[in-house]
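Worksheet: the structure to be examined is printed underneath.
None of these values were measured; they are calculated from a predicted model.
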Amino acid sequence: MTPLKNDRFLRALLRQPVDVTPVWMMRQAGRYLPEYRATRQKAGDFMTLCKTPELACEVTLQPLDRFPLDAAILFSDILTIPDAMGLGLYFSEGEGPRFKNPVRSTDDVARLGVPDPERELRYVMDAVRLIRRELNGRVPLIGFAGSPWTLATYMVEGQGSKEFALVKRMLFDEPKVMHRLLDVLARAVTAYLNAQIAAGAQAVMVFDTWGGVLTPRDYTEFSLRYMEQIVKGLTREHDGRRVPVILFTKNGGQWLEAMAQTGCDALGIDWTTDLKDARARVGDKVALQGNMDPVILYAAPERIRTEVETILASYGPGTGHVFNLGHGIHQHVNPEHAAAFIAAVHELSTRYHH
């Protein structure tokens with residue numbers, strides 16, 4: 001494979017010295033970019049965009065052509081696995097993802113199998129291979145998947161939810177059924193991420209978007225336990241390099257110590273946790289990724305710059321920090337503000353790395 005021209009993202013995840021703090025943005029290939037909207041229109045719909053490797057590659061590279069980002073992230077969706085399990089994923093305009101065949105019973109769970117990533121999810125692997133080739137060593141490529149608990153919330157609810165009534169009822173009333181569902185999902189995610197690594201992903205991230213809706217007891221039993229199972233099953237060396245693993249639980253700041261014990265290399269931190277506190281709590285066990293409030297990108301560039309300085313100072317000197325937003329960039333953000341953010345990270349972070 002082509003040697004990396006810029007590996008500071010991978011180095012920071014492994015807490016090795018870097019020249020400046022690396023930066024990328026969750027949802028960096030997205031609707032805030034006019035070029036993304038044009039490609040999305042060309043595709044006709046979101047699933048066609050995901051399932052056409054050439055188009056997925058095109059939108060993955062768009063933010064890198066515009067900004068000096070330190071990593072690319074595969075353009076895909078966390079719900080590709082449940083879709084490959086036969087749940088019939090579709091997107092309603094303005095309403096987000098829905099499933100034609102939600103999982104509501106023991107029988108529904110029993111019918112689920114682990115999809116073969118090179119068969120049912122071949123389009124994702126083809127996209128990874130194509131993106132790696134097109135990147136030509138510019139920056140590393142991040143692969144990703146949703147956490148078992150997060151995937152289960154969509155599969156049981158049949159769509160996004162505010163109350164999580166159906167999935168939590170299953171958790172409370174039929175914990176054994178829920179554990180069976182989470183186990184098959186953990187095996188599916190492990191196989192899927194390992195296939196992405198084999199296809200060329202150089203780091204992987206598990207998005208636990210809905211772990212934060214659980215009680216501490218239930219988070220440990222129904223979310224963290226399965227992410228740990230995934231971490232233990234992942235390929236950690238490929239192409240002669242370590243493949244770092246990032247875990248991210250939105251609203252999971254209270255569980256950082258437990259997350260750091262899973263064997264992952266880094267934790268994603270949202271904006272509700274102070275980086276200084278997070279660093280003090282996890283010590284040198286893991287790197288930290290985050291954690292600017294994405295809404296600050298609506299503010300003036302000078303204010304964005306001040307916020308970047310505050311967050312860099314909060315983490316402090318030394319390596320082990322990947323700068324990111326605390327969640328995905330919003331669709332109505334001005335791309336110039338994203339540019340100001342990225343420039344500020346690179347410029348202001350030099351003095352923290354000597």
- [ ] Output, in order, the C-alpha distance, side-chain angles, deciding distance and verdict of side chain to side chain donor-acceptor pair (under 3.5 Å) for W210 and Y154.
- [x] CA-CA 10 Å; W210 301 120; Y154 289 99; 3.1 Å; yes
Open item on the list: Quick check on the hydrophobic clustering: are I342 and Y298 connected, directly or via other members, by side-chain heavy-atom contacts under 4.5 Å?
Closed with: yes
- [ ] Report whether Y192 and V231 are members of the same hydrophobic cluster (ILVMFWY, side-chain heavy atoms less than 4.5 Å apart, transitive linking).
- [x] yes
Open item on the list: Given S223, which partner from the list T249, T150, D218, D208 fulfils the side chain to side chain donor-acceptor pair (under 3.5 Å) test?
Closed with: D208
- [ ] Apply side chain to side chain donor-acceptor pair (under 3.5 Å) to the pair D270 and T272, showing each step before the final yes or no.
- [x] CA-CA 6 Å; D270 70 16; T272 61; 2.5 Å; yes
- [ ] Indicate, with yes or no, if I304 and L69 share a hydrophobic cluster defined by side-chain heavy-atom contacts under 4.5 Å among Ile, Leu, Val, Met, Phe, Trp and Tyr.
- [x] yes
Task: Whether over 12 other heavy atoms sit under 6.0 Å from R31 CZ - done: no
TODO: Measure across S314 and K276 and return the closest heavy-atom pair with its distance rounded to 0.1 Å.
DONE: OG-N, 3.0 Å
TODO: State whether the number of non-hydrogen atoms from other residues, nucleotides or ligands found under 6.0 Å of E237 atom CD is greater than 12.
DONE: yes
Task: Contact check, side chains of E157 and P102, non-hydrogen atoms, under 4.5 Å - done: no
Task: Shortest non-hydrogen separation from H179 to R225 and the atoms involved - done: CE1-NH1, 3.3 Å
Task: Connected via hydrophobic side-chain network under 4.5 Å: W271 and M25 - done: no
- [ ] Specify the closest pair of heavy atoms between P244 and D265, including all atoms of both residues, with the distance to one decimal.
- [x] CA-OD2, 3.2 Å
Open item on the list: Consider ring pair (Phe, Tyr, Trp, His ring centres under 6.0 Å). Of F144, Y123, Y36, which one does F75 pass it with?
Closed with: Y36
Task: Residue pair F341, F67: steps toward the ring pair (Phe, Tyr, Trp, His ring centres under 6.0 Å) verdict - done: CA-CA 10 Å; F341 156 57; F67 312 119; 9.4 Å; no
Task: Parallel, tilted or perpendicular, as decided by the 30° and 60° cut-offs, for the rings of Y219 and W255 - done: parallel
Task: Any K42 side-chain heavy atom under 4.5 Å of E58 side chain - done: yes
- [ ] Using atom types as modelled and distance alone, determine if a side-chain donor or acceptor of R129 lies under 3.5 Å from a backbone N or O of A199.
- [x] no
Open item on the list: Other residues, nucleotides and ligands only: do more than 12 of their heavy atoms fall within 6.0 Å of NZ on K285?
Closed with: no
Open item on the list: Hydrophobic clusters here meaning ILVMFWY residues chained together by side-chain heavy-atom distances under 4.5 Å, can you tell me if M170 and W149 are in one?
Closed with: yes
Open item on the list: For a quick test of reading the model, state the closest non-hydrogen atom pair linking P301 to A340 and the distance between them.
Closed with: CB-CB, 3.9 Å
Open item on the list: For K5, is the NZ atom crowded, meaning more than 12 foreign heavy atoms sit under 6.0 Å from it?
Closed with: yes
Open item on the list: To check you understand the geometry: which heavy-atom pair defines the closest contact between A29 and V59, and what is its length?
Closed with: CB-O, 3.2 Å
Open item on the list: How close do A201 and V243 get, counting heavy atoms only, and between which atoms?
Closed with: O-CG1, 4.5 Å
